[in-house]
Amino acid sequence: MLDLKYVRVHFEAVRQALSRRGPIPGLEAFLEKDAVRRDLLSRVEALKAERNRVSAEVARAKREGRDAAGILSGLSRAADETKALDAELAAVDAQVRDILLTVPNIPHPSTPDGKDESDNPVVRAWGQPRTFDFPVRDHLDVGAGLAGLDFERAVRMSGARFCVLRGDLARLERALVALMIDMHVQEHGYLEIAPPYLVNGASLVGTGQLPKFAEDLFKIEGQDRYLIPTAEVPLTNLHREETLAAEDLPLAYTAYTPCFRSEAGSYGKDTRGLIRLHQFDKVELVRICRPEDSYEELERLTGHAEAVLQRLELPYRVVSLCAGDLGFGSAKTYDLEVWLPAQGKYREISSCSNLEDFQARRADIRLKDKGAKKSVLAHTLNGSGLAVGRAMAAILENCQNADGSVTLPTALVPYMGGRERLSPVA
RNA sequence: GGAGAGGUGGCCGAGUCGGCCGAAGGCGCUCGCCUGCUAAGCGGGUAUCGGGCUUAAAACCUGAUCGAGGGUUCGAAUCCCUCCCUCUCCGCCA
């Protein structure tokens with residue numbers, strides 16, 4: 001959410017900056033609604049101030065044993081008026097808030113111009129895509145050969161876009177999670193968190209999924225509870241409605257969780273394989289820091305996610321999302337894209353974003369310097385470190401051999417009980 | 001799931017028949033004084049988020065907040081309703 005006063009005072013500049021994303025419907029109504037709100041607010045406050053003054057007079061009269069009937073006369077009409085205006089104010093207030101809640105974040109100046117993903121500039125690349133002297137199979141075929149992916153049964157029990165992992169691949173999933181968490185905790189200084197997978201609506205408003213993207217979420221029927229679409233939600237909301245001590249920052253959290261997404265509107269996209277599922281595992285990174293540090297923190301966070309790809313020896317590149325492709329709450333995002341040889345393409349495996357104070361304002365996450373009078377909004381960042389299913393797909397494709405076996409990246413060997421290779425099941 | 005108790009400032013805790021209660025008192029923290037050192041003592045300060053004014057800040061004016069929302073009332077921490085949460089006992093359960 002953007003700052004109300006800032007939007008009012010710098011409306012044209014805000015509109016300009018947001019237009020880099022494309023059209024923002026709803027913004028036009030803001031100034032008018034806001035003016036009405038401000039007018040009502042000052043009138044209501046004046047009425048309340050007068051009411052409070054007279055009430056104090058009544059109290060004094062009663063205490064001194066005098067008759068307060070004279071003061072009291074006509075007050076109930078004023079009270080009715082206050083109540084009516086107050087209701088009007090609450091309604092307009094909600095309207096202004098609704099507008100603000102559906103306006104995306106302002107792209108940072110360093111976020112490149114562009115309309116969609118084809119405009120995302122490559123910032124850097126790492127590793128050489130391998131050349132194969134045999135026909136490359138996609139991760140589905142490789143996984144099937146290992147008897148590790150079972151989509152048929154997953155569909156029967158849950159429906160499309162679910163997967164059952166078996167045997168070596170079930171273990172590989174666990175190994176990947178363990179490797180990633182260990183790296184982030186032991187080498188990058190994150191605190192491991194095991195959060196709830198169900199959160200309430202307020203938390204989702206806090207991180208920006210609600211109210212605008214309700215259709216992307218799985219909601220528990222009849223309850224104010226939703227399956228998390230990413231661990232970003234519980235991790236960032238750890239400190240919702242808290243004022244943090246500035247000297248404790250930055251805070252760095254990591255968590256492994258399943259993520260649940262309805263994928264409404266992605267029919268026909270990536271229908272095969274592990275790339276786009278209703279449920280997938282992800283290791284998430286969240287950092288909460290002082291405003292002046294957040295861009296430095298974004299580079300750091302991105303580096304932590306890259307380190308995992310490097311450890312797994314998977315070729316990847318880093319792209320800077322252009323304004324038109326930027327996520328709702330993000331001011332700047334780097335996507336890490338891993339090489340998938342069967343597709344002959346780099347595919348997103350991590351997205352690292354600086355949300356600046358966009359989430360902090362919604363979630364009321366503040367920080368205060370020792371001795372400072374005022375608190376300020378913190379900055380929040382998050383990134384995948386990494387998406388586990390996509391990492392598995394990348395390993396199956398990049399590390400496959402002609403005989404259908406898969407040579408595991410060295411870093412995974414200890415996590416796979418010393419095994420260096422997964423062999424096809426006859 | 002059943003029965004009961006309760007949610008007040010960083011913490012503990014008071015709040016009488018609704019009326020100078022944003023809230024006594026204590027602890028903690030902090031500033032100053034005092035003091036061979038430490039400890040003790042004395043005095044002061046110490047919730048948050050808004051709106052207005054201001055170039056800005058401070059000061060000042062003002063609104064809201066005693067779990068959340070609503071109601072009664074001129075006026076609600078105090079009365080009423082709904083919800084959330086915590087604790088105790090019983091039942092069930094990994």
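Lettering follows sequence order; numbering is per chain, from 1.
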Study note, to complete from the structure: Taking a pair to mean Watson-Crick or G-U wobble geometry with both distances below 3.5 Å, C74(B) pairs with G19(B)
Point to revise | Atom C1', compared across C66(B) and C61(B): separation rounded to whole Å | key: 25 Å
Check your understanding: Between Asp34(A) and Arg37(A), does a salt bridge (Lys or Arg N to Asp or Glu O under 4.0 Å) hold up when you go through it step by step?
Key -> CA-CA 5 Å; Asp34(A) 178 57; Arg37(A) 191 192 71 92; 3.7 Å; yes
Review point. For Thr243(A), which contact category applies under a 4.0 Å heavy-atom criterion: base, sugar-phosphate, or nothing?
Key: nothing
Point to revise | Gap in Å between the two P atoms, one belonging to A77(B) and one to U65(B), rounded | key: 7 Å
Exercise for review: Tell me what Arg60(A) touches on the nucleic acid: a base, only sugar-phosphate, or nothing, going by heavy atoms under 4.0 Å.
Suggested key: nothing
Exercise for review: Find the distance Ile365(A):CD1 to C49(B):P and express it as a whole number of Å.
Suggested key: 15 Å
Practice item. Just compare C85(B), C49(B), G51(B) and give me whichever is closest to any side-chain atom of Leu41(A). Key: G51(B)
Review point. Lys368(A) has an atom NZ; how far is it from atom P of C29(B), in whole Å?
Key: 17 Å
Point to revise | Chi angles and distances behind the salt bridge (Lys or Arg N to Asp or Glu O under 4.0 Å) call for Glu263(A), Arg261(A) | key: CA-CA 5 Å; Glu263(A) 293 296 345; Arg261(A) 301 189 181 176; 5.1 Å; no
Check your understanding: Given the P atoms of G28(B) and A40(B), what is the spacing between them in whole Å?
Key -> 8 Å
Exercise for review: Taking atom P in both G18(B) and A58(B), compute the distance separating them and give it to the nearest angstrom.
Suggested key: 40 Å
Check your understanding: In Watson-Crick or G-U wobble terms, both distances under 3.5 Å, what is the partner of C89(B)?
Key -> G2(B)
**Study point:** Distance in angstrom units between Asp224(A) CG and C83(B) P, rounded
**Key:** 15 Å
**Study point:** Separation of the C1' atoms in G13(B) and G26(B), to the nearest angstrom
**Key:** 8 Å
Check your understanding: Considering only the P atoms, how many Å lie between A24(B) and C33(B), rounded to the nearest integer?
Key -> 28 Å
Study note, to complete from the structure: Here the distance between atom P of G51(B) and atom CG of Asp34(A), to the nearest Å, is 10 Å
Exercise for review: For A14(B) versus G7(B), give the span between their C1' atoms, rounded off to a whole number of Å.
Suggested key: 15 Å
Point to revise | Rounded interatomic separation in angstrom, taking CG from Leu85(A) and C1' from G51(B) | key: 16 Å
**Study point:** Given Arg390(A), Arg276(A), Arg161(A), the one that forms salt bridge (charged side-chain N to carboxylate O under 4.0 Å, His left out) with Asp270(A)
**Key:** Arg276(A)
Point to revise | Aromatic plane relationship, Phe162(A) with His278(A) - under 30° parallel, 30 to 60° tilted, over 60° perpendicular | key: tilted
Practice item. Rounded off to whole Å, could you give me the CZ-to-P distance for the Arg240(A) and C85(B) pair? Key: 13 Å
Exercise for review: In whole angstrom, give me the gap between the P atoms of C90(B) and U82(B).
Suggested key: 28 Å
Point to revise | Partner set under side-chain hydrogen bond (donor to acceptor under 3.5 Å, both in side chains) for Arg419(A), not counting sequence neighbours | key: Asp168(A)
Practice item. Scan every strand shown for a Watson-Crick or G-U wobble partner of A58(B), both distances under 3.5 Å, and answer none if you come up empty. Key: none
Check your understanding: His188(A) vs His304(A) aromatic rings, parallel, tilted or perpendicular, using cut-offs 30° and 60°?
Key -> parallel
Practice item. If G10(B) has a Watson-Crick or G-U wobble mate with both distances under 3.5 Å, name it; if not, just say none. Key: C27(B)
Exercise for review: Mind running salt bridge (Lys or Arg N to Asp or Glu O under 4.0 Å) on Glu356(A) and Arg361(A) for me, showing each step along the way?
Suggested key: CA-CA 10 Å; Glu356(A) 299 189 349; Arg361(A) 184 172 294 108; over 6 Å; no
Exercise for review: Identify the nucleotide, in any strand shown, that forms a Watson-Crick or G-U wobble pair with A39(B), with both distances under 3.5 Å; if there is none, say none.
Suggested key: none
Check your understanding: Mind checking who A47(B) pairs with, Watson-Crick or G-U wobble, both distances under 3.5 Å?
Key -> U65(B)
Review point. Just how far, in rounded Å, is C1' of U48(B) from CG of Leu367(A)?
Key: 15 Å
Review point. When you measure from the side chain of Arg366(A), which nucleotide among C49(B), U48(B), G52(B) comes out closest?
Key: C49(B)
Check your understanding: Has Arg287(A) got its NZ or CZ under 6.0 Å from the middle of the six-membered ring of Tyr190(A), at an angle within 45 degrees of the ring axis?
Key -> yes
Practice item. Return the value, rounded to whole Å, for the distance between atom CZ of Arg225(A) and atom C1' of C85(B). Key: 12 Å
Revision key, fill the gap. A correct 5'-to-3' footprint of nucleotides 61-82 of chain B, with B, S and - meaning base, sugar-phosphate only and no protein heavy atom under 4.0 Å, is -SSS-------S-BS-------
Check your understanding: Looking for any heavy atom pair under 4.0 Å, which part of the strands does Arg37(A) touch: base, sugar-phosphate only, or nothing?
Key -> nothing
**Study point:** Expected output: side-chain Asp293(A) to main-chain Cys289(A) donor-acceptor under 3.5 Å
**Key:** no
